[in-house]
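I have placed the structure first, in the form of structure tokens, so that the comments after it can refer back to it.
Any value given below was found using the heavy atoms of this structure, including those in side chains, with hydrogens, waters and symmetry copies removed. Each ligand, and each atom within it, is numbered from 1 in the order the structure gives.
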Amino acid sequence: MKNLKLDIVKAGVIFTPEIAEQAQAANALLQSGEGAGNDFLGWVNLPSSISKSELDAIETTAAKLRAKADLVICIGIGGSYLGAKAVLEAMSDPFKLLRKEQTNPTVVFAGQNISEDYIYELMEASKEHSIAAIVISKSGTTTEPAIAFRLIKAEIERRYGKQEAAERIVAITDQARGALKTLATQEGYPTFVIPDNVGGRFSVLTPVGLLPLAVAGVDITALVNGAQQMEKATDATVAFDENPAAIYAAVRNELYKGGKKIEILGSYEPKLQYISEWWKQLYGESEGKQGKGIFPASVTLTADLHSMGQYIQEGERTLFETIISVASPANKVVIEADEANLDGLNFLAGKRISEVNRMAELGVQLAHIDGGVPNIRIEIPQIDAETIGALLYFFEKACGISGYMLGVNPFDQPGVEAYKKNMFALLDKPGYEEASKAIKARL
Ligand code: PA5
């Protein structure tokens, strides 16, 4: 697979034929739709089923928003937020805002928290811009984005009037149900559908991820192409030892059985930090149930070697790490010689920064293995839309396989309701009177 190489040599796992069979059987269940949670398998063939006309419709709407606004506020949480955020961060120049000329609208996010200061500061900053909004909620009833959307919708209507607001707000939600669908129909917002059979954390390749990314100028066709290639490369018909998703799923399950309860996803490219955040939701929500599941953690390197490095090297030996390694940077910077050489670094003069980064990566890998931390390496050739598309689908497919190998339903999330009940009871939501009394007595 040209967009991704998986190296498990330093994971210290030896596969038996049974392990390979289990992984293949899990992958076959995803394909046949006979496993647990089979109402939510729409993502499996999603890349190959996205049509050109669907991508065109997304691009057309994105172009309209781009023409109207220089700041597009994307409202959503969890699976309705992290995919777009992750790809956008990976594909963006982090110093874009320092540039005098802005070619694409700035896409910012709201509704992923309930911080009063966050929303206040966003609303204040937005006053200097022409704004539009994309509101994303599959259920249409999630509290965090609903609060943010109330405020942003009101601001857009105040500024541009109700009629123009319908040109500046796009809703992405369920086809038929939910408060957001009702509102979008009532207000005449352009709408994209989150398919019923695609859960939030698997929705990055639906309009949930694709529309905000297209607005930001990301090549969504290339992103989907990369995912399509990975869909083929990880199909259930591919032999186990040629299928990177099956191998990754199998190796992490073997490590888990051997007491490695925490997986740290790391990268030496800070742009990939939010890919880790997306990955944490994907694996945490899919596998953390019935008292089981690897705890997904993340680090950004080399920064976190100066904070988490000590623990990884010598703390409790329940960790393994997976490194997303980027073979080539997009740009070239060479370290210069310095006459005084007070920092003693002239031995690096003439070397590219990426060479130093690569030696850090190799050195850390060996040090961690020596310290008892097995290492899995996922190499992508460079960061671009196609490789990121392939990486996203790789993780999704591996997650489905891994969840089935673990023996859980990877497509539900019963545990996320518990906090909502308490929050509503504490906020005196009508219908929660009894729960309200009970919870307040516990405070
Ligand atoms: O993966 C999931 O299902 C969740 O993270 C949801 O995406 C998140 O709770 C947001 O839900 P909704 O899109 O219904 O607002």
With a 3.5 Å cut-off and no angle check, do the side chains of N45 and E231 form a donor-acceptor pair?
yes

Using a strict 4.0 Å cut-off to heavy atoms of S139, name the atoms of ligand 1 that fall inside it.
12 (P), 14 (O), 15 (O)

Are E386 and N225 linked by a side-chain donor-acceptor pair shorter than 3.5 Å?
no

Tell me, which protein residue and heavy-atom name are nearest atom 3 (O) of ligand 1, and how many Å apart are they?
G200 N, 3.7 Å

May I ask you to list the atoms of ligand 1 that are less than 4.0 angstrom from any heavy atom of S80?
7 (O), 12 (P), 13 (O)

Kindly assign one of parallel, tilted or perpendicular to the pair Y283 and Y248, based on the angle between their ring planes and the thresholds 30° and 60°.
perpendicular

Students often mix this up, so state it plainly: with edges at 30° and 60°, are the rings of W43 and F411 parallel, tilted or perpendicular?
tilted

When you check the side-chain N and O atoms of Y160 and E167, is any donor under 3.5 Å from an acceptor?
no

Using atom types as modelled, flag every donor-acceptor pair under 3.5 Å from a side chain in residues 18-25 to any protein atom, sequence neighbours excluded.
residue: E18; atom: OE1; partner: T16; partner atom: OG1; Å: 3.4
residue: Q24; atom: NE2; partner: V238; partner atom: O; Å: 2.9

Cationic tip of K261 within the cone over Y256's six-membered ring, i.e. under 6.0 Å and within 45° of the normal?
yes

Atom 2 (C) of ligand 1 - nearest protein heavy atom and its distance:
E285 OE1, 3.3 Å

How far is atom 11 (O) of ligand 1 from its nearest protein heavy atom, and which residue and atom is that?
T142 OG1, 3.5 Å

protein heavy-atom neighbour closest to atom 6 (C) of ligand 1 works out as G79 N, 3.8 Å

Taking only residues two or more places apart in sequence or in another chain, which ones pass side chain to side chain contact (heavy atoms under 4.5 Å, CB included) with D56?
K52

for atom 9 (O) of ligand 1, nearest protein heavy atom and its distance come out as I77 CG2, 4.5 Å

Which of the atoms in ligand 1, numbered in the order shown and given with their element, are less than 4.0 Å from a heavy-atom of K138?
12 (P), 13 (O), 14 (O), 15 (O)

N/O to N/O below 3.5 Å, does that happen between K420 and ligand 1?
no

Run the numbers for me: atoms of ligand 1, each under 4.0 Å from some heavy atom of S137, listed by number.
12 (P), 13 (O), 14 (O), 15 (O)

Of Q281, Q413, Q112, the one whose closest heavy atom lies nearest atom 4 (C) of ligand 1 is Q281

